[in-house]
Amino acid sequence: MIARAENSEFARKWIAQHCKAEASEFGVRAFVLLALWCRGAHHIPNATKIDWTREDEIVIRPYERPAGLSTYDADDLSVLVFLAHDEALRVAITPQLEDAGGALYGDDDSPKPEGDVAGFTAVLVVRITPRHRDGSIFESHPKLEDQVRKHRARFCTPLESEVAA
């Protein structure tokens with residue numbers, strides 16, 4: 001687990017100082033994941049506006065990294081996946097539209113924009129939700145090592161074996 005005692009304590013203090021709130025345990029875990037991923041708490045987008053007291057979901061918007069999301073040379077995507085598996089946190093990155101007032105459109109929970117969307121900005125939103133190691137696919141999150149084994153079994157077979165004769 002990445003939320004070692006010193007990281008958790010730092011998260012609690014940072015959130016108390018900058019957000020004037022007492023973070024939930026999930027909020028602490030999400031904060032540590034994001035601080036590591038963003039290479040410092042000061043790089044978490046809109047960190048002081050996030051409700052770290054929540055127990056169900058943390059939403060980061062917008063995701064603004066000039067290198068984009070990739071797996072190796074600028075490895076933000078891989079790092080996020082590794083951290084999420086280490087902490088048993090589900091991370092979803094979704095494209096959405098943001099209006100001038102900051103309202104988001106485009107996911108299942110938000111209203112759909114009506115009419116012309118010319119005044120909207122396309123943004124990537126990062127949603128983090130807590131999971132457990134055991135349970136249904138909608139409740140659990142495997143360790144990275146277990147997910148790699150599943151991946152190898154599923155995708156490391158010749159394509160020809162997938163084609164019906």
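We use all heavy atoms of the structure for the numbers below, so side chains are in, but hydrogens, waters and symmetry mates are not. Fair warning: this is a prediction, and the values are worked out from it, not measured in the lab.
- With rounding to the nearest 0.5 Å, the separation of OG1 in Thr71 from CG in Leu77 is 6.5 Å.
- Heavy-atom contacts from other residues, nucleotides or ligands closer than 6.0 Å to NE2 of His132 number 12 or fewer.
- The salt bridge (Lys or Arg N to Asp or Glu O under 4.0 Å) pairs that include a residue from residues 47-56 are Arg54-Asp56, where partners are two or more places apart or lie in different chains.
- Residues meeting the side-chain contact (heavy atoms from CB on, under 4.5 Å) test with Arg131, sequence neighbours left out: Arg90, Thr129, His141.
- Annotation: side chain of Gln17 is not in contact with side chain of Ile15 (no heavy-atom distance under 4.5 Å).
- Two residues are said to be in side-chain contact when any heavy atoms from C-beta on lie closer than 4.5 Å; Val32 and Leu83 fail this criterion.
- Across every non-hydrogen atom of Trp52 and Ala47, the tightest pair is NE1-O, 3.0 Å.
- For the pair Thr48 and Trp14, the minimum side-chain heavy-atom distance is below 4.5 Å.
- Here the straight-line distance linking atom OG of Ser24 with atom CZ of Phe31 works out to 12.5 Å at 0.5 Å rounding.
- By the 4.5 Å heavy-atom criterion applied to side chains, Leu36 and Val79 are not counted as neighbours.
- Proximity of Ile58 to Phe26: side-chain heavy atoms (C-beta onward) are separated by under 4.5 Å at one or more points.
- Between the side chain of Arg127 and the backbone N or O of Ile60 there is no donor-acceptor pair closer than 3.5 Å.
- If you take CD on Glu87 and CD1 on Ile128, they are separated by 10.5 Å, rounding to the nearest 0.5 Å.
- Grouped by direct or indirect side-chain proximity (heavy atoms under 4.5 Å, Ile/Leu/Val/Met/Phe/Trp/Tyr only), Ile137 sits with Phe138.
- Residue pairs meeting the salt bridge (Lys or Arg N to Asp or Glu O under 4.0 Å) criterion with at least one partner in residues 134-148, sequence neighbours excluded, are Asp146-Arg149.
- In plain terms, the two heavy atoms of Pro142 and Gln147 that are nearest each other are CG-OE1, 3.1 Å.
- Listed by chain and residue number, Phe155 satisfy the ring pair (Phe, Tyr, Trp, His ring centres under 6.0 Å) test with His151 (two or more places apart in sequence, or in another chain).
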Exercise for the section: Please step through side chain to side chain contact (heavy atoms under 4.5 Å, CB included) for the pair Glu22 and Thr53, ending with a clear verdict. Expected result: CA-CA 6 Å; Glu22 186 175 329; Thr53 66; 5.7 Å; no
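- In this structure the side chain of Val126 never reaches within 4.5 angstrom of the side chain of Val59, judged on heavy atoms.
- Listed for the Trp37 side chain is a donor-acceptor partner under 3.5 Å among the backbone atoms of Asp76.
- Under the side-chain contact (heavy atoms from CB on, under 4.5 Å) criterion, Ser140 pairs with no residue at all, not counting sequence neighbours.
- Residues meeting the side-chain contact (heavy atoms from CB on, under 4.5 Å) test with Val81, sequence neighbours left out: His85.
- Nearest heavy-atom pair across Arg39 and Asp75 is NH2-OD1, 3.5 Å.
- In this structure, Arg12 and Val28 have side chains that are in contact, with non-hydrogen atoms separated by less than 4.5 Å.
- At a threshold of 4.5 Å between non-hydrogen side-chain atoms, the residues Pro45 and Cys38 count as touching.
- Partners of Asp73 by side-chain hydrogen bond (donor to acceptor under 3.5 Å, both in side chains), not counting sequence neighbours: none found.
- Under the 4.5 Å side-chain contact rule for hydrophobic residues, Leu33 and Leu144 do not share a cluster.
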